[in-house]
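Single-structure report; data block below.
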Amino acid sequence: MWDRMTQNVSVDDDTARDLLEEMLRIDIFEEETKERFGEGEIPGFVHLSGGHEGSHVGMGAAMRDDDWLAVGGARLIGQYIAKGVPLPEIMAELYGRVGGSNKGHGGQMHVSDVDRKLYGHAATIGSGQNPAVGLGLAEEMKGTDNVVVTTIGDGGTSRGSFHTALVFAAYWDLPVVFIIENNEWAISTPAESLSPDHLSDYGIPHNMPTESIDGSDVEKVYHTVSEAIERARDGEGPTVIENRVVRLVPHFEGDKETYRDEEAYERAREEKDPIENYRERLLENGVITEDELDDMVANIEAEVEEAIEFARESPEPEPEAAYDHVYKLPLYGQGDGQ
Amino acid sequence: MTREITYVQAIAEAIDEELERDEEVILFGEDVEEFGGNFGETEGLYEKHGRNRVRNTPLSEIGIAGMALGAAVGGIRPVAELQFADFAATAGDEIFNQIPKQPYVSGGQIEAPLTIFAPSGAGIGAGAQHSQSVHSWLGNVPGWVVVTATTPYDAKGLFKSAIRDDNPVFFLPHKMLSETKGEVPEEEYTLPLGEAAVEEEGEDVTVVATQLMFHRAKEAAAEVDADVEIVNPRTFAPLDTETIAESVRKTGRLVVVDETVERYGTQGHIANEIVENDFFSLDAPPKTIGVKDIPIPLSPPLEQEALPSADRIADGIESLF
């Protein structure tokens with residue numbers, strides 16, 4: 001059922017190295033996050049992206065800076081990184097500190113960066129797609145050719161809100177690319193128990209182009225999402241893409257994964273790790289050398305170390321800051337003495 | 001200069017003027033084009049402003065509310081209609097989790113200058129799912145500015161401010177008031193959000209009331225042997241507690257009447273604000289009056305039983321003396 005891995009490299013060398021570097025950045029950042037969470041430095045939940053890096057980085061590379069990303073699913077940190085949010089701001093937000101992207105009001109599930117056009121996350125799974133349609137409407141009303149990419153997991157596609165968003169996007173042919181990251185598990189419920197052959201088939205009744213691809217192949221994702229974005233930019237409306245990935249990590253840190261078959265899990269690790277496969281591919285094709293790779297890793301480790309230092313040194317919010325950002329005050333006309 | 005217009009005409013004028021004034025304002029909802037809304041509240045707007053600015057949507061409140069949120073974040077100013085206030089519940093996640101919380105969780109980066117409006121209230125025999133007053137639901141979720149309209153003057157001035165405000169605003173006209181007439185200035189005006197209005201001055205008792213209950217409170221005031229001051233909160237969240245407190249400091253007595261359900265309702269909240277902060281200005285315990293703890297039934301005698309009547313309000317006022 002998996003596409004056979006294409007062994008050649010279909011992008012230029014610089015792009016290929018960038019794709020690998022960005023996937024490694026996610027991996028190294030998240031390994032450190034896992035450690036820090038284990039040490040009790042990070043509050044709340046932590047969901048990691050292992051197995052989704054190709055999907056995150058491929059779509060991130062396909063987007064322009066002024067295209068919106070409305071993230072969904074549970075594998076979020078990789079998407080924040082792929083949209084270009086600086087690592088220190090992400091890490092400080094995970095720590096709940098003042099220097100975080102959201103000043104500690106959001107945390108791991110809610111990183112947003114409006115200046116970089118990261119909308120943020122509807123953490124109630126499956127509620128981010130209608131806002132994404134609204135972002136598309138705003139761009140269209142303003143006469144730009146910017147596109148909105150929105151992601152969701154396999155689990156979220158069972159929410160009515162996801163299907164409503166398809167109805168609305170199709171109604172006005174809005175520039176929205178719906179990406180379903182199907183990692184086969186909605187926590188412990190297998191996606192194969194859902195009836196469609198491919199979850200992208202949900203776009204068919206709306207006459208949208210649909211694609212179901214090997215989402216662990218970063219180049220495949222990059223090309224497929226690029227084509228969908230170009231269609232949307234040219235006024236040809238929405239697309240639904242299923243990125244078939246594997247989940248190489250627990251749902252969240254602490255999930256014992258009693259529901260997974262050990263053999264299948266092991267096979268997924270060996271066959272579908274997007275980073276390992278791409279590293280091999282670039283080495284075999286002579287796009288990168290072992291030494292260059294070591295340098296790349298060392299540089300990222302230093303970046304991540306800096307992000308940790310920034311987060312640790314960033315102050316805890318003053319308790320009074322809990323009252324900030326509820327309303328923009330004064331309200332319209334308030335205090336004008338009418 | 002003023003003239004008399006109806007409450008729905010005032011609503012349509014507010015949207016019309018804001019569409020005219022600001023090209024970032026758009027209107028969408030079910031049947032807002034030629035059909036003109038269930039009560040005539042969007043009549044003529046599609047013909048004047050065209051399909052780009054006035055859009056019928058497919059039938060989904062989830063889609064309407066969710067799209068309004070995204071469009072607002074994306075830099076336009078959506079005015080979105082839900083056909084009945086009860087339908088806030090059909091877009092529950094958007095209304096309760098997404099719209100009021102996204103600006104907050106983003107640390108203030110996200111701005112959502114949207115207005116959702118939805119006719120509320122009972123009295124037309126519309127049954128349990130088309131008759132509710134929901135400002136108590138919405139007032140319970142910090143992040144929403146919750147505004148009600150009582151007269152044509154209020155409806156126009158408050159709606160225009162709601163559209164211009166940079167917060168998410170839920171604007172609630174009352175469907176029984178649709179055809180009521182009132183004085184509305186010819187010239188442009190707005191009314192402040194977050195400020196209550198002392199509509200009738202009096203010395204003996206403060207009655208807090210809005211929408212249809214305001215009009216019934218006026219009838220009750222004419223029946224009782226007391227000088228009644230009527231305060232219209234206009235905005236329920238954030239509430240202008242000070243104007244109500246100031247009135248009670250003068251009168252020493254408080255009746256809160258509202259069309260929300262009494263249990264966990266607005267009445268108890270408003271009374272509590274006074275009890276906690278101005279207890280010693282009270283000469284009698286506050287009286288709260290609302291919809292009895294039942295769904296709104298259809299048959300007119302049953303429906304009127306559920307709603308506070310002018311007589312019930314008058315009895316409530318007299319019970320404090």
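Below, read A as the first sequence line, B as the second, and so on, with proteins coming before strands; counting in each chain starts at 1. The figures here come from the full heavy-atom set of this structure, side chains too, leaving out hydrogens, waters and symmetry mates.
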Go through B/Glu24 and B/Arg77 one step at a time and tell me if the salt bridge (charged side-chain N to carboxylate O under 4.0 Å, His left out) criterion holds.
-> CA-CA 5 Å; B/Glu24 287 180 350; B/Arg77 207 167 266 273; 5.3 Å; no
With a 4.5 Å cut-off on heavy-atom pairs, point out which of B/Ile76, B/Asp240, B/Ile26 contacts chain A the most.
-> B/Ile76
Using non-hydrogen atoms only, which part of B/Glu23 is less than 4.5 Å away from chain A: side chain, backbone, both, or neither?
-> neither
Any idea which of B/Ala197, B/Ala91, B/Pro78, B/Ala71 has the most non-hydrogen atom pairs under 4.5 angstrom with chain A?
-> B/Ala71
Would B/Glu61 and B/Thr90 count as having a side-chain donor-acceptor pair, cut-off 3.5 Å?
-> yes
Lys/Arg N to Asp/Glu carboxylate O, B/Arg234 vs B/Glu195, below 4.0 Å = no
Select, from A/Ala138, A/Ala165, A/Ala122, A/Ser161, the one with the greatest count of heavy-atom pairs under 4.5 Å involving chain B.
-> A/Ala138
Under 4.5 Å from a heavy atom of chain B, the part of A/Lys328 involved = both
Option from A/Tyr202, A/Phe178, A/Phe168 for which ring-ring contact (aromatic ring centres under 6.0 Å, His included) with A/His163 holds = A/Tyr202
So what's closer than 4.5 Å to chain A heavy atoms on B/Gln98: side chain, backbone, both or neither?
-> side chain
Side chain, backbone, both or neither: which part of A/Ala169 has a heavy atom under 4.5 Å from chain B?
-> neither
In terms of side-chain heavy atoms, does A/Thr151 have a donor or acceptor partner in A/Glu181 at a distance below 3.5 Å?
-> no
Can you tell which part of A/Asn146 gets under 4.5 Å to a heavy atom of chain B, answering side chain, backbone, both or neither?
-> neither
Options B/Gly108, B/Pro58, B/Gly74, ranked by heavy-atom pairs under 4.5 Å with chain A, top entry = B/Pro58
Salt bridge flag under 4.0 Å for residues B/Arg21 and B/Glu188 = no
B/Asn232 versus B/Asp154, side-chain donor and acceptor atoms under 3.5 Å = yes
Indicate whether the side chain of A/Thr124 and that of B/Asn97 have a donor and an acceptor atom separated by less than 3.5 Å.
-> no
Please flag which part of A/Glu140 lies under 4.5 Å from any non-hydrogen atom of chain B: side chain, backbone, both or neither.
-> side chain
In sequence, state the C-alpha distance, the side-chain angles, and the governing distance for A/Arg36 and A/Glu41, and then conclude on salt bridge (charged side-chain N to carboxylate O under 4.0 Å, His left out).
-> CA-CA 5 Å; A/Arg36 299 298 112 224; A/Glu41 292 180 36; 2.8 Å; yes
A/Ser112 portion near chain B, given a 4.5 angstrom heavy-atom threshold = both
Options B/Ser60, B/Pro100, B/Pro103, ranked by heavy-atom pairs under 4.5 Å with chain A, top entry = B/Ser60
If you count heavy-atom pairs under 4.5 Å between each of B/Leu69, B/Thr57, B/Asp166 and chain A, which one has the most?
-> B/Thr57
What residue in A/Tyr171, A/Tyr332, A/Trp68, A/Trp172 has the most heavy-atom pairs under 4.5 Å with chain B?
-> A/Tyr332
Among B/Asn52, B/Thr235, B/Asp93, who wins on heavy-atom pairs under 4.5 Å with chain A?
-> B/Asp93
Around atom CD of A/Glu318, are there more than 12 heavy atoms of other residues, nucleotides or ligands at under 6.0 Å?
-> no
